[in-house]
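Basis for what follows: all heavy atoms, side chains included, without hydrogens, waters or symmetry-related copies. For clarity, every value in this text was computed on a predicted model and none was experimentally measured. First listed ligand is number 1; within each ligand, the first listed atom is number 1. Residues: numbered from 1 along the sequence shown.
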Amino acid sequence: MNNPLVVVAGGSSAAGIAVAQALLAAGMRVLTVGSDAGRIRAAAELAGGAVPLACDLADPAAVAELAAGIRRDFGPVDGLIHLVGGWRGGGGLAGQSDADWDFLHTSVLATLRNTSREFYPDLAASPVGRLAIVSSTSVTAPTPGNANYAAIKAAAETWVQAVAAGFAEDGKADGDKPAEGGAAAVVLVVKALLDDSMRARSPERTFPGFTDVSVLGKAVAGLFGTPAAGLNGARIIL
Ligand SMILES: NC(=O)c1ccc[n+]([C@@H]2O[C@H](COP(=O)([O-])OP(=O)(O)OC[C@H]3O[C@@H](n4cnc5c(N)ncnc54)[C@H](OP(=O)(O)O)[C@@H]3O)[C@@H](O)[C@H]2O)c1
């Protein structure tokens with residue numbers, strides 16, 4: 001069997017680079033996807049061995065084309081790590097604009113729905129199928145100023161729980177799978193992510209409660225070595 005093939009959806013950021021690096025270090029094949037060809041190429045180079053692919057993940061037809069190309073050129077996908085994010089907020093409840101809601105809905109939720117629907121069959125059939133998103137502590141402690149953001153992230157978490165329920169059902173139906181095998185969908189939770197460029201920009205600042213992107217990367221890579229039974233549907237605070 002080939003090493004697991006993992007798609008990083010929204011891989012151009014520091015988090016995407018760190019996740020791709022950790023997956024590559026764990027021996028996986030990594031396809032990293034961003035909407036901008038130049039930025040995703042640069043990120044793949046920094047990760048050292050990921051294959052860059054450009055796609056607007058908010059466009060269902062483009063995602064279907066992407067998935068068909070991946071299956072043709074690389075084979076079925078074993079992992080989908082969804083990192084497309086973005087933040088809009090502030091201004092109290094009155095400041096939660098429809099424009100911000102639409103942006104977050106497209107960026108966070110539509111890209112998750114598009115990619116997970118497209119890759120679900122591959123993940124469900126894989127002996128190590130893993131889907132993960134990175135959610136926010138604001139989901140369980142929302143404020144008026146981040147109501148749009150927290151509500152969209154909550155919707156993304158609920159979507160992942162639906163995927164997990166599907167994996168659990170499919171796992172039961174497949175008696176041939178090894179006891180430790182099967183697919184798992186998980187929510188990783190952070191307050192905020194931290195990377196070296198942030199430290200360099202604000203050398204005096206401390207970042208209490210932030211999660212370094214290298215910690216996120218290790219957590220993501222570790223999902224593939226953790227049995228699905230204890231993982232599927234988990235909400236893991238990093
Ligand atoms: N950063 C934080 O402090 C924080 C806190 C809590 C949770 N999170 C979550 O952690 C994850 C990673 O965070 P992040 O800050 O690295 O996310 P991000 O920078 O907002 O998004 C990751 C990448 O997604 C790409 N992207 C955006 N729209 C896309 C589209 N339509 N199609 C394809 N790619 C697209 C962007 O690159 P291109 O523009 O080049 O495509 C971007 O670099 C996100 O889910 C975020 O919500 C982050």
Side-chain angles (χ1 to χ4, degrees), residues 7-22 31-47 50 52-67 70 80-89 100 102-116 118-119 131-143 146 148-157 159-160 185-199 201-202 205 207-217 219-220 235-238:
V7 172
V8 178
S12 311
S13 66
I17 294 164
V19 165
Q21 272 170 344
L31 310 178
T32 187
V33 186
S35 70
D36 180 272
R39 280 199 292 274
I40 200 64
R41 200 179 321 113
E45 266 168 35
L46 284 169
L53 297 171
C55 178
D56 177 4
L57 298 173
D59 175 352
V63 176
E65 203 177 313
L66 173 81
I70 288 174
L80 172 64
I81 311 302
H82 180 272
L83 298 177
V84 185
W87 194 85
R88 293 285 189 283
D100 286 355
D102 289 346
F103 167 82
L104 291 164
H105 180 270
T106 299
S107 180
V108 174
L109 200 55
T111 60
L112 174 62
R113 293 179 65 250
N114 292 342
T115 51
S116 59
E118 199 54 57
F119 290 112
L131 179 146
I133 66 166
V134 184
S135 190
S136 162
T137 51
S138 66
V139 167
T140 50
T143 63
N146 70 19
N148 273 343
Y149 175 78
I152 288 285
K153 281 301 214 183
E157 290 199 20
W159 184 272
V160 171
V186 304
V187 175
L188 304 173
V189 183
V190 301
K191 171 184 155 187
L193 293 170
L194 180 62
D195 64 73
D196 286 341
S197 73
M198 294 162 67
R199 288 194 191 88
R201 277 198 305 275
S202 309
R205 186 177 163 193
F207 295 90
F210 282 53
T211 301
D212 193 273
V213 290
S214 64
V215 173
L216 172 64
V220 168
R235 186 174 194 269
I236 302 165
I237 298 178
L238 297 180

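- By the side chain to side chain contact (heavy atoms under 4.5 Å, CB included) test, T111 pairs with L57, A58, H82, V84, sequence neighbours left out.
- At least one donor-acceptor pair under 3.5 Å links the side chain of Q21 to the backbone N or O of L46.
- A heavy-atom distance below 4.5 Å is found between the side chains of V160 and L112.
- A heavy-atom distance below 4.5 Å is not found between the side chains of I152 and N148.
- Applying the side chain to side chain donor-acceptor pair (under 3.5 Å) test to N114 and every residue at least two apart in sequence or in another chain returns R117.
- Within 4.0 Å of ligand 1, the residues that place a heavy atom are G10, S12, S13, A15, G34, S35, D36, R39, C55, D56, L57, A58, L83, V84, G85, G86, V134, S135, Y149, K153, V190, K191, A192, L193, listed by chain and number.
- Taking R199 as the reference, D196, D212 meet the salt bridge (Lys or Arg N to Asp or Glu O under 4.0 Å) condition, with sequence neighbours excluded.
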